Amino acid sequence: MFRCSVRLIKGLTQITWLREQPVLPNLLYRRSVPAAYLPSRALRVTWPCAEEVKDFSLPNPSWSQNMRNLYNKYMELSQQGSWIRLPSYNVTATHLIGKAEQCPDSAKPQVTTRLFTRNLDVEGLGFEYVMFYNQAELRTVGIFQAGPYLEGPIGLTHGGAIATIVDTTSGACAICTLGKVKTANLNINYRSPITLGSTVEVQCRVDKIEGRKIFMSTEIRSADSQVLHIEATALFIQMKMSE
Ligand SMILES: CCCCCCCCCCCCCCCC(=O)SCCNC(=O)CCNC(=O)[C@H](O)C(C)(C)COP(=O)(O)OP(=O)(O)OC[C@H]1O[C@@H](n2cnc3c(N)ncnc32)[C@H](O)[C@@H]1OP(=O)(O)O
């Protein structure tokens, strides 16, 4: 009981401390996260090659009106300073390259791998999403449109695709809060199906932090917030300094 109370107090103290940090880049820098993780309020990334690489979290013609409306809402909040749009690339290494001298000539990392959620060349067929982070509240919001190649049951989104979006949005929140992390545990309650083609809002928040462990919870609702689709929890473990 005593150990639990001490852990709880430690966790709350850590969350309070994180909330008081002045700006996200400082926080991430102090946590040894490469500079390219740093999103900027001017909606650009500080990484020198970033402008030459496609940012997949910008609107494209496949986005529905609901997706655009939600995007515009959080962009407006970003301009006011409470939220930051997180850029998104199709190669994981692109997020990790942080120094000018590491910037490859072609402006594209020489790798053959692709980030799972950005592995299709045609817009709108798979995962269409954009994420925003709120440092003061330790929350991310994901706006997600399920493309026709994510089918599970006829006309509905595959449960694994939904798990991917939960992992991605809560993982991004954990990364922005603690730096590099890996998913250790993911629990999902599927409350109602997500129709293919529809747009949903993914809300993730930090519940508590205990040392290297960061506990998250996630809710996915319809674009108008009326329908609850998903309730989930996740545990991410911060990577050790040597990793
Ligand atoms: C430009 C700006 C963009 C920024 C925005 C970024 C955007 C881009 C976002 C993409 C976001 C994608 C996010 C996907 C993230 C993955 O998909 S990761 C891939 C899937 N996960 C894995 O493969 C992980 C496999 N497992 C492992 O590697 C290891 O088990 C782990 C999880 C790293 C933990 O190993 P470890 O570091 O040795 O930790 P360990 O000492 O064993 O445990 C530490 C603590 O955690 C506890 N723990 C460990 N595992 C568990 C568990 N499963 N359950 C409960 N407790 C556990 C331990 O009991 C221990 O607790 P304490 O004793 O400290 O109380």
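The model shown is predicted, which means the values in this text are computed figures rather than measured ones. Values below: all heavy atoms of this structure, side chains included; hydrogens, waters and symmetry mates excluded. As the structure lists them, so they are numbered: ligands from 1, and atoms in each ligand from 1.
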Next item on the list: Using distance alone, with no hydrogens and no angle criterion, decide if Thr168 and Tyr129 have a side-chain donor and acceptor under 3.5 Å apart.
Entry: no
Check: Around atom OH of Tyr149, are there more than 12 heavy atoms of other residues, nucleotides or ligands at under 6.0 Å?
Finding: no
Check: How many angstroms lie between CG in Asp121 and NZ in Lys54, if you round to the nearest 0.5 Å?
Finding: 8.5 Å
Check: Just how far is it from atom OG of Ser62 to atom CD of Glu128, taken to the nearest 0.5 Å?
Finding: 3.5 Å
Next item on the list: Would you mind running through ligand 1 and noting each atom that sits below 4.0 Å from a heavy atom of Met239?
Entry: 33 (C)
Next item on the list: Measure the spacing between CD1 of Ile84 and CD of Gln135 and express it to the nearest 0.5 Å.
Entry: 6.5 Å
Item checked: Gap separating the CZ atom of Arg205 from the CE atom of Met216, nearest 0.5 angstrom -> 9.0 Å
Item checked: Atoms of ligand 1 close to Pro87 [distance to a heavy atom under 4.0 angstrom, numbered from 1] -> 1 (C)
Margin query: Check this for me - ligand 1, Leu86, N or O atoms closer than 3.5 angstrom, yes or no?
Written below: no
Item checked: Check: Lys213 N/O within less than 3.5 Å of ligand 1 N/O -> yes
Margin query: Taking only non-hydrogen atoms of Gly211, do any sit less than 4.0 angstrom from ligand 1?
Written below: no
Notebook entry, point to check: Side chain or backbone of Glu210 under 4.0 Å from ligand 1, or both, or neither, by non-hydrogen atoms?
Noted result: neither
Item checked: Close aromatic pair by centroid cut-off 6.0 Å: Tyr71 and Trp63 -> yes
Item checked: Thr183 contact mode with ligand 1 (heavy-atom cut-off under 4.0 Å) -> both
Next item on the list: Ignoring angles and geometry beyond distance, decide whether Asn185 reaches within less than 3.5 Å of ligand 1 through its nitrogen or oxygen atoms.
Entry: no
Next item on the list: Check ligand 1 against Arg212 and write out every atom of the ligand that is under 4.0 Å from a heavy-atom position of the residue.
Entry: 36 (P), 37 (O), 39 (O), 41 (O), 44 (C)
Checklist line | Residue pair Asn187 / Asn189, side-chain donor-acceptor N/O under 3.5 Å | finding: no
Checklist line | From Ile220 atom CD1 to Thr169 atom OG1, the distance as rounded to the nearest 0.5 Å | finding: 7.0 Å
Margin query: Side chain or backbone, does Lys240 bring an N or O within less than 3.5 Å of an N or O on ligand 1?
Written below: yes
Next item on the list: Enumerate the atoms of ligand 1 whose separation from the nearest heavy atom of Ala184 is less than 4.0 angstrom.
Entry: 32 (C), 50 (N), 51 (C), 52 (C), 53 (N)
Notebook entry, point to check: Where on Leu235 is there a heavy atom closer than 4.0 Å to ligand 1, on the side chain, on the backbone, on both, or on neither?
Noted result: side chain
Note to self: Check this for me - ligand 1, Tyr89, N or O atoms closer than 3.5 angstrom, yes or no?
What the structure shows: no
